[in-house]
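Some notes on the structure that comes next.
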Number of protein chains: 2
Amino acid sequence: MGKRVYMASEIQLSSEQIVAAAVDILHEGGLDAVSMRSVAGRLGVTPPPVYARIGNKDALLDAIAEHFLADLAPDPERDEAWPDYARRWTQQMRQRLTEAADSRLFLQVKRPTYLEATKPLLNCMRRDGMSTDAAVRACRLLTWATVGFIAMDHSPPAASSRRPSRLAGSDPSGVTSEEIDELFTAHIGYLIDGIERDEGMR
Amino acid sequence: MGKRVYMASEIQLSSEQIVAAAVDILHEGGLDAVSMRSVAGRLGVTPPPVYARIGNKDALLDAIAEHFLADLAPDPERDEAWPDYARRWTQQMRQRLTEAADSRLFLQVKRPTYLEATKPLLNCMRRDGMSTDAAVRACRLLTWATVGFIAMDHSPPAASSRRPSRLAGSDPSGVTSEEIDELFTAHIGYLIDGIERDEGMR
DNA sequence: ACCTGAACACCGTTCAAGT
DNA sequence: ACCTGAACACCGTTCAAGT
């Protein structure tokens, strides 16, 4: 009684450890390599402890997505107007999603996670005089456009021999990564222009 | 010799039959219910014949996506300017993707399939004086925006009690389907306005 | 209390064997 | 020639059993 026989580690798995292991596997073998078994294996453990901590596979994927969206935003400069900050913010968002290397992760993310990530952008818009309603709508448009764009952008495997084209995205045979950069910037630019114009005639 | 003993059906599986069976299963049980085994089973057959015809699971998913994108476009009216036709075309595209009920199908679609679907829009733009380069770029922007939007739009399960809001998409707790319609229309509208403006200063 | 081992019901895919 | 049955190597998930 009271005597300790159990020799295994006293320290329970933390969700941070689990997510870290999952992210390692994601970067090494892609999202399809991330399984409850592979994550457990990397932690030197069988699946049940992972289930006990994280719930199930969907919850694990959510947690991975949240990991990549955490602390997304560098706060706006004091003299930075919202359209400029929005350009910076969407580029930052795009970079984070690209680091995650698989857009499937972000298509089932719950709204509160995106809401958390948009907070600084929302505040910046309100600071510049937008109504809360208009700012929430603008943030949703920009978030959807960014994630949607990345979801469509499964980069072409290799740069084949193609004539250089004058206009980004105009070559039907594919798109280079520079062209994708320009397409993304143009896309976001059109949205910001439109939102700005709507605000102007408010 | 020459004597027929083999009693099974003489008719090989066609890919149309396979896709039709897969689409049935998709509508009944969702994309996760579509497996090589379930499709074979619905056709009263074991998996190998399905593999023989369609190749593998990825090819099946491609074929399903193509099914939903086939004959996408009602051709433009003779007096219909490209911005109006683009609005119609994107709405049509959106409707087809929504019918498919799972956007994952369209995120791995090969470029030629989208290229085929965009053809009438491309021709309409060229008819109205856009250069091929500009038209291809514009079509890609609109296609990416449409598919990306739908990919983000996993409709909320039920209409909970929420205050009505004046601006589409401005409620942080969720979006009603009417609001999503308006957000989509606004998004596409901003893009078309931007493209039109670029063309104007050409 | 926490973990392991093993199982259940599935996958995608392949292949020897039947007719 | 075309199909079936069975297998291989995986999944997500759960649960009795150990310590």
Side-chain angles (χ1 to χ4, degrees), chain A residues 1-26 28-65 102 104-105 107-109, chain B residues 1-26 28-65 102 104-105 107-109:
Chain A
M1 60 285 277
K3 206 148 83 193
R4 278 231 159 265
V5 185
Y6 179 55
M7 297 301 291
S9 160
E10 300 290 313
I11 302 106
Q12 274 188 139
L13 288 174
S14 71
S15 358
E16 286 78 17
Q17 281 175 80
I18 294 174
V19 170
V23 169
D24 284 351
I25 295 170
L26 172 67
E28 288 168 16
L31 188 56
D32 291 332
V34 177
S35 73
M36 297 303 271
R37 280 177 156 96
S38 66
V39 170
R42 161 148 320 217
L43 295 166
V45 113
T46 52
V50 178
Y51 278 88
R53 203 34 98 181
I54 214 94
N56 60 18
K57 179 85 185 277
D58 273 349
L60 173 61
L61 296 180
D62 279 359
I64 298 173
D102 201 307
R104 286 175 285 173
L105 279 168
L107 294 176
Q108 299 298 339
V109 167
Chain B
M1 58 280 280
K3 207 149 87 199
R4 278 230 159 266
V5 186
Y6 179 56
M7 297 301 293
S9 161
E10 299 288 313
I11 302 106
Q12 274 188 140
L13 289 173
S14 70
S15 356
E16 287 77 19
Q17 283 175 78
I18 295 174
V19 171
V23 169
D24 283 351
I25 295 169
L26 172 67
E28 287 167 17
L31 189 56
D32 291 331
V34 177
S35 73
M36 298 303 271
R37 281 178 155 96
S38 67
V39 170
R42 161 149 319 217
L43 294 166
V45 113
T46 52
V50 178
Y51 278 88
R53 206 30 103 178
I54 214 92
N56 58 20
K57 178 85 184 276
D58 273 349
L60 174 61
L61 295 180
D62 279 359
I64 298 173
D102 202 306
R104 286 176 285 171
L105 279 168
L107 295 176
Q108 299 296 336
V109 166

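The sequence lines fix the lettering, A, B, ..., with proteins before strands; numbering per chain opens at 1.
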Reading 5' to 3' through nucleotides 10-15 of chain D, protein heavy-atom contacts under 4.0 Å coded B for base, S for sugar-phosphate only, - for none: -BBBBB
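Residues satisfying the side-chain contact (heavy atoms from CB on, under 4.5 Å) test with B:Val23, not counting sequence neighbours, are B:Val19, B:His27, B:Ile64, B:His67, B:Phe68. A:Glu28 meets the side-chain hydrogen bond (donor to acceptor under 3.5 Å, both in side chains) test with A:Arg42; sequence neighbours excluded. For A:Asp32, the salt bridge (Lys or Arg N to Asp or Glu O under 4.0 Å) partners at least two apart in sequence or on another chain are A:Arg104.
The CG atom of A:Leu43 sits 11 Å away from the P atom of C:dC3 (whole-angstrom rounding). One interatomic measurement links the two molecules: CG of A:Leu13 to P of C:dC2, which rounds to 11 Å at whole-angstrom precision.
Contact between B:Ala33 and B:Gly29 at its shortest, heavy atoms only, is CB-O, 3.5 Å. Residues B:Ala22 and B:Leu60 approach most closely at CB-CD1, 4.1 Å, considering heavy atoms. In terms of heavy-atom proximity, B:Asn56 sits nearest to B:Ala59 at OD1-N, 3.0 Å.
Contact annotation: A:Gln12 side-chain N/O to C:dA1 OP1/OP2 distance is not under 4.0 Å.
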Each base of DNA chain C marked ( ) or [ ] if paired in-strand (Watson-Crick or G-U under 3.5 Å), | if paired to another strand and . if unpaired gives ||.|||||...|||||.||
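For residues 45-64 of chain B, every residue pair satisfying the salt bridge (charged side-chain N to carboxylate O under 4.0 Å, His left out) rule, not counting sequence neighbours, is listed here: B:Asp62-B:Lys110.
Separating the CG atom in B:Asp102 from the CG atom in B:Leu26 is a distance of 7.0 Å, to the nearest 0.5 Å.
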